[in-house]
Amino acid sequence: MWRTVRQAARATGYLAVAAVTTFALYLFITVLLLTAAGTLAVVGAWMLPETVLLIRRIAGAKRTMVAAWTGRRIPEAYQPITGTLGERLRTAVRDPGTLVDLRWMVASYVYGALLVLALPLWPLGLVVDGVGCGLLRRRAVVLPLITLLADTEARWSTALLMPSPRARLAARVEELKETRADAIAAHGAELRRIERDLHDGAQARLVALSMRIGLAKRAYDRDPDAARKLLDDAQDQAEQALTELRHVVRGIHPPILTDRGLAGAVRALAASSGLAVTVDGGGLDEGVRAPAAVEAAAYFVVAEALTNAAKHSGSATAEVRLARTRRGLIVCVRDDGRGGADAGGVGGTGGVGSGSGLLGMRRRIAALDGTFDVTSPVGGPTVIEVELPCVW
């Protein structure tokens with residue numbers, strides 16, 4: 001009985017907030033009329049985009065309220081209102097999201113006051129359900145109707161506030177534009193890094209190798225011992241150049257991924273990270289492989305995260321968890337260090353991600369339409385969780 005009462009009280013609180021919102025929408029009619037009059041008179045046309053932005057905020061607050069009740073987020077799909085006054089007016093009028101919000105507002109004037117149906121149920125429910133549950137040990141029948149009213153209000157609001165297919169498509173196109181730009185930027189940065197590594201590493205060593213071989217050829221006849229020493233140095237330079245080239249190749253696509261798969265490659269990273277790292281392969285050792293691009297992205301996320309954890313977190317341990325899901329691959333890296341990593345990727349003091357490393361990981365994941373989440377409160381722990389969509 002007490003659980004039923006608590007749930008009914010929570011539903012009543014939700015309906016009360018919904019009723020207050022509806023009352024505010026009735027007051028908002030005055031703003032709508034002033035905006036319509038000003039737009040028709042031309043001199044007040046600037047009010048239209050501002051009013052639409054205000055409606056978006058109201059609808060956003062309603063989406064947040066419904067999501068808190070249902071536990072399911074309602075997506076938003078709006079075109080940005082920017083530019084000159086003419087451009088702002090066109091966007092405000094043509095954006096499908098504007099029609100969605102206005103449709104919800106009009107319908108909310110009708111169903112938003114369901115609280116008036118819920119309040120009379122309280123005295124009746126306390127009597128009927130109190131007797132039925134307390135004395136007759138039967139299930140409550142009246143108070144659950146209040147929860148049903150709240151569920152109905154949330155269900156109608158969800159249906160009305162859900163973006164239209166056209167709006168979702170437009171938002172998806174904008175999202176793909178952003179991820180494409182990030183992917184191009186990340187690709188350019190990767191090319192510059194490879195060029196820098198080749199120029200400063202392998203190329204410099206190959207130049208030194210060529211010089212030593214030339215000196216050894218000139219000294220061969222008159223001083224064989226010096227020539228032999230130069231050739232020994234040249235051999236050392238050749239081995240160092242090969243090491244540098246292997247490092248560059250691993251930065252492009254690690255051969256260990258091809259040979260041992262993602263779980264094996266991550267275990268190799270853990271063994272060489274300098275931390276005590278535990279790895280949960282999540283069943284990826286059983287022969288089922290993700291696409292090469294997905295494996296590479298997951299590998300580089302783990303590599304960057306463990307490197308940053310060793311450098312910045314102050315923790316001696318870390319955890320890596322790989323999990324195969326029906327829709328893709330989940331990668332989770334955690335350390336118990338000092339935390340404070342900046343989720344925006346523009347700074348931060350530590351954790352499994354820090355500074356521009358986070359931004360690089362975010363761009364790499366976004367290019368594959370994945371999700372990238374960072375949790376790093378000051379004092380730790382720092383957790384990076386990545387989900388990469390793929391077909392198994």
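For clarity, every value in this text was computed on a predicted model and none was experimentally measured. Quick note: residue numbers are just sequence positions, from 1.
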Legend entry - side-chain contact (heavy atoms from CB on, under 4.5 Å) evaluation trace for Leu329 with Val331: CA-CA 7 Å; Leu329 172 69; Val331 180; 4.2 Å; yes
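- In terms of heavy atoms, Gly60 sits closest to Glu76 at CA-OE2, 3.5 Å.
- For Asp232 and Lys229, the salt-bridge test fails: no basic side-chain N is under 4.0 Å from an acidic carboxylate O.
- The pair Arg56-Asp95 counts as a salt bridge, with a side-chain nitrogen and a carboxylate oxygen less than 4.0 angstrom apart.
- Under the 4.5 Å side-chain criterion, counting only non-hydrogen atoms from C-beta, Leu89 is not in contact with Thr91.
- Rounding to the nearest 0.5 angstrom, the gap separating the CZ atom in Phe28 from the CG atom in Leu33 is 10.5 Å.
- Not counting sequence neighbours, the partners of Leu231 by the side chain to side chain contact (heavy atoms under 4.5 Å, CB included) test are Ala216.
- Nearest heavy-atom pair across Gly281 and Ala263 is CA-CB, 4.5 Å.
- Side-chain atoms of Asp280 and Leu322, non-hydrogen and from C-beta on, never get closer than 4.5 Å to each other.
- Counting non-hydrogen atoms of other residues, nucleotides and ligands closer than 6.0 Å to CZ of Phe23 gives a total of 12 or fewer.
- In this structure, Glu295 CD and Leu257 CG are separated by 5.5 Å, a value rounded to the nearest 0.5 Å.
- Judged by distance alone, with hydrogens and angles left aside, the side-chain atoms of Ser210 form no donor-acceptor pair with the main-chain N or O of Val207 at under 3.5 Å.
- Of the possible polar contacts, none joining the Ser157 side chain to the Ala154 backbone as a donor-acceptor pair under 3.5 Å is found.
- Looking at Thr375, its side chain never comes within 3.5 Å of a backbone N or O of Val383 through a donor-acceptor pair.
- Ion pairing between Lys62 and Glu153 holds under the 4.0 Å rule for side-chain N and carboxylate O.
- Residue Val52 is not grouped with residue Leu102 when hydrophobic side chains (ILVMFWY) are merged at heavy-atom distances under 4.5 angstrom, including chains of intermediate members.
- Between Ala323 and Arg321, the shortest heavy-atom contact is CB-NH1, 3.8 Å.
- Within a 6.0 Å radius of CZ in Arg10, more than 12 heavy atoms belonging to other residues, nucleotides or ligands are found.
- Taking each heavy atom of Arg338 and Gly314 in turn, the nearest pair found is NH1-N, 3.9 Å.
- Put simply, CD1 on Ile74 and OG1 on Thr64 are 9.0 Å apart, with the number rounded to the nearest 0.5 Å.
- Here the CD-CG distance, from Glu319 to Leu306, works out to 11.5 Å after rounding to the nearest 0.5 Å.
- Proximity of Leu32 to Ile55: side-chain heavy atoms (C-beta onward) are separated by under 4.5 Å at one or more points.
- Side-chain contact check for Leu48 versus Val93: some heavy-atom pair is nearer than 4.5 Å.
- Counting only distance, with no hydrogens or angles, the side chain of Glu87 and the backbone of Thr84 share a donor-acceptor pair below 3.5 Å.
- With Arg63 contributing its side chain and Leu161 its backbone, the two residues share a donor-acceptor pair below 3.5 Å.
- In this structure the side chain of Leu34 never reaches within 4.5 angstrom of the side chain of Val31, judged on heavy atoms.
- Counting heavy atoms from C-beta outward, Thr371 and Ile365 have side chains that stay 4.5 Å or more apart.
- At a threshold of 4.5 Å between side-chain heavy atoms, the hydrophobic network of Ile, Leu, Val, Met, Phe, Trp and Tyr places Met105 and Met47 in two separate groups.
- Val301 and Ile330 fall into different hydrophobic clusters, defined by Ile, Leu, Val, Met, Phe, Trp and Tyr side-chain heavy atoms under 4.5 Å apart, directly or through other members.
- At least one donor-acceptor pair closer than 3.5 Å links the side chain of Arg103 to the backbone N or O of Leu160.
- Looking at heavy atoms from C-beta onward, Pro389 lies out of side-chain contact with Arg327 at the 4.5 angstrom threshold.
- Put simply, the side chain of Ser272 gets close to the backbone of Ala268: a donor and an acceptor are under 3.5 Å apart.
- Between Ile146 and Trp122 there is a side-chain heavy-atom pair separated by less than 4.5 Å.
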Inset, instruction - For side-chain contact (heavy atoms from CB on, under 4.5 Å), just list the numbers for Val277 and Val320, CA-CA rounded to whole Å, side-chain angles, deciding distance to a tenth of an Å, and then say yes or no. - result: CA-CA 7 Å; Val277 182; Val320 179; 3.8 Å; yes
Inset, instruction - With side-chain contact (heavy atoms from CB on, under 4.5 Å) as the test, would you mind laying out the steps for Val66 and Tyr14 before giving the verdict? - result: CA-CA 9 Å; Val66 173; Tyr14 172 82; 3.5 Å; yes
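- A single hydrophobic cluster is seen to contain both Leu53 and Leu85, as judged by linkage of ILVMFWY side chains at heavy-atom distances under 4.5 Å, directly or through other members.
- With values rounded to the nearest 0.5 angstrom, Ser108 atom OG is found 8.0 Å from Tyr26 atom OH.
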Legend entry - Steps toward side-chain contact (heavy atoms from CB on, under 4.5 Å) verdict (Leu115, Leu117): CA-CA 5 Å; Leu115 179 67; Leu117 299 179; over 6 Å; no
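- Remark: the Thr22 side chain and the Tyr111 side chain contain no N/O donor-acceptor pair separated by less than 3.5 Å.
- Nearest heavy-atom pair across Arg260 and Ala265 is CB-N, 4.4 Å.
- Under the side chain to side chain contact (heavy atoms under 4.5 Å, CB included) criterion, Leu215 pairs with Arg218, Leu230, sequence neighbours left out.
- Shown here for Leu262 and Tyr299, the closest heavy-atom pair between the two residues is CD1-N, 3.9 Å.
- No side-chain N or O of Gln240 forms a donor-acceptor pair with one of Asp236 less than 3.5 Å apart.
- Thr152 meets the side chain to side chain contact (heavy atoms under 4.5 Å, CB included) test with Leu148, Arg155, Trp156; sequence neighbours excluded.
- Linking ILVMFWY residues whenever their side-chain heavy atoms come closer than 4.5 Å, directly or via other members, leaves Val374 and Val378 in distinct clusters.
- Using a 4.0 Å cut-off between a side-chain N of Lys or Arg and a carboxylate O of Asp or Glu, Arg88 and Glu50 qualify as a salt bridge.
- Remark: side-chain polar atoms of Tyr109 are paired, donor with acceptor, to backbone N or O of Leu25 under 3.5 angstrom.
- Asn308 CG to Asp335 CG: the interatomic distance, rounded to the nearest 0.5 Å, is 10.0 Å.
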